[in-house]
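Reminder, nothing fancy here: chain letters follow the sequence lines and each chain counts from 1.
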Protein chains: 2
Amino acid sequence: MSISVLIAEDQSLILGALAALLEMEQDIKVVARATNGKDALQLAEKLQPDVVVTDIEMPGMTGLEFADALKQRGHAARVIIVTTFARPGYLRRALDAGVRGYLLKDAPAEQLADAIRTVHRGGKMIAPELATAAWDSEDPLNDRERQVLRLAGEGFASAEIARQLFLSEGTVRNYLSEAIGKLGANNRVEAARIARQKGWL
Amino acid sequence: MSISVLIAEDQSLILGALAALLEMEQDIKVVARATNGKDALQLAEKLQPDVVVTDIEMPGMTGLEFADALKQRGHAARVIIVTTFARPGYLRRALDAGVRGYLLKDAPAEQLADAIRTVHRGGKMIAPELATAAWDSEDPLNDRERQVLRLAGEGFASAEIARQLFLSEGTVRNYLSEAIGKLGANNRVEAARIARQKGWL
DNA sequence: CAAACCGCATGACAATCGTCACCCCGAAGT
DNA sequence: ACTTCGGGGTGACGATTGTCATGCGGTTTG
């Protein structure tokens, strides 16, 4: 018997493409498609697919909320998240929602079918870039550093940041220096980029 | 004879999925895939595909630069841009680069094959959301300013940018100063932010 | 042909940034 | 009461950034 799959993804073109990709596998059957979390939830309840593949960023209900909702209702479907974002924070929330797979969109194409099979068998499949990162890379920034870094990343000068946060300019520079050091960056811009990319801003 | 197509898209999973989607059409043949602009350029030169489908945001060389490079070399291939971003600035630059199609990733899946056929026939296909909005505000940046600004926005220092682009550091600073002035920004970071948001990077 | 541009480079100067050592003070611990 | 600690601050110094005037070899173009 083939594995029944539901796909949720808000960009129709990508949705169609993913479906086409999976249609090529004889042991996988795409039984439904949804372009947002709410539709996906209804369809999942009605069709009881073996596996659900979902994006995170969708209008209305995100993939994470969707996974959580499925879990609440004691649903058997195993969920695989497919997303652009390698943010440890997302992975955390996904695992908390009982998600069994977390793939990045820049993983090789065969991995999706693999992941579906693995997860259907009861296994887990986490993008290697994140498997470790979820553990070791905790956000090293404190509150002030985050605030300052966020503004610096928008292009505000130290003096302006100081004004906005009611700090002295020197202090702002100290925080920035700290943040730059903690993130292993060479300057505020790079630091902001790194932090954003990790989902810490 | 079927239409030969090259696909460039940095997210492998999506790349594979798009290829699968097109494989389903009997009159379309995916002859090559690339995950960045440079590879795409080489492959396009070697294989002379009828149509090139490319994403915009790719590491190294963007889809727009790629399209431009193809045009420079007097290449016959017709280019279709497929992107998430409905930024008028992108469309304008795409059209300037001689691009024949501009689709959004949330267009219906069948549109891609349609667009390929239309473009192959010599027609154009522009996402309706953008067809009108194209004449918004002009991009005041020239090529060098764009390159320099992009790197500056990533957090590279002037000296590093100079090394990467084989320019002197002073020249890099001059270009940045120009760009900052044109965009009404106060520093490189703000300038990069403004340009990005307008779709000029 | 000469004028006008263009892309790139220099050099200089002021402003801003990044770093570091050290200070102040109010809360906690013990 | 005496330390310790954390948030915030100061001052100074070198590196980087932003600005501007100026120069120089190629292309256009009148």
Test side chain to side chain contact (heavy atoms under 4.5 Å, CB included) on A/E190 and A/I194 and set out the steps. CA-CA 6 Å; A/E190 195 181 347; A/I194 292 173; 4.3 Å; yes
Step by step, work out the salt bridge (Lys or Arg N to Asp or Glu O under 4.0 Å) result for B/K105 and B/E9. CA-CA 12 Å; B/K105 281 187 179 167; B/E9 156 71 57; 3.3 Å; yes
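Proximity note for A/I180 (side chain, C-beta onward) versus C/dG18, D/dG18, C/dC17: the nearest is C/dG18.
At whole-Å resolution of the value, CG in A/L151 and P in C/dT16 are 17 Å apart. With rounding to whole Å, B/Q147 atom CD is found 13 Å from C/dC8 atom C1'. Going from atom CG of B/N186 over to atom C1' of D/dT17 covers 13 Å, rounded to whole Å. One atom, CG of B/L149, and another, P of D/dT17, lie 14 Å apart when rounded to the nearest Å. If you take CD1 of B/I161 and P of C/dC8, they are 15 Å apart, rounded to a whole angstrom. D/dG7 atom P lies 10 Å from atom CG of A/D143, rounded to whole Å. Between the CD atom of A/E190 and the C1' atom of C/dC17 there is a distance of 15 Å, rounded to whole Å. The interatomic distance linking A/R146 (CZ) with D/dG7 (P) rounds to 12 Å, in whole Å.
No side-chain donor from either of B/S2 and B/D27 sits under 3.5 Å from a side-chain acceptor of the other. Checking A/S4 against A/D50 by side-chain atom types alone, a donor-acceptor pair falls below 3.5 Å.
Ion pair B/R117/B/D114 flagged as a salt bridge, since at least one NZ, NE, NH1 or NH2 atom sits closer than 4.0 Å to an Asp/Glu carboxylate oxygen.
Within the 3.5 Å criterion, the main-chain N or O of B/G122 finds a donor-acceptor partner in the side chain of B/R100.
A heavy-atom distance below 4.0 Å to DNA chain D is reached by these residues of residues 162-179 of chain A, ordered by number: A/L167, A/S168, A/G170, A/T171, A/R173, A/N174, A/Y175.
For C/dG7, the OP1/OP2 oxygens have no side-chain nitrogen or oxygen of B/R144 closer than 4.0 Å.
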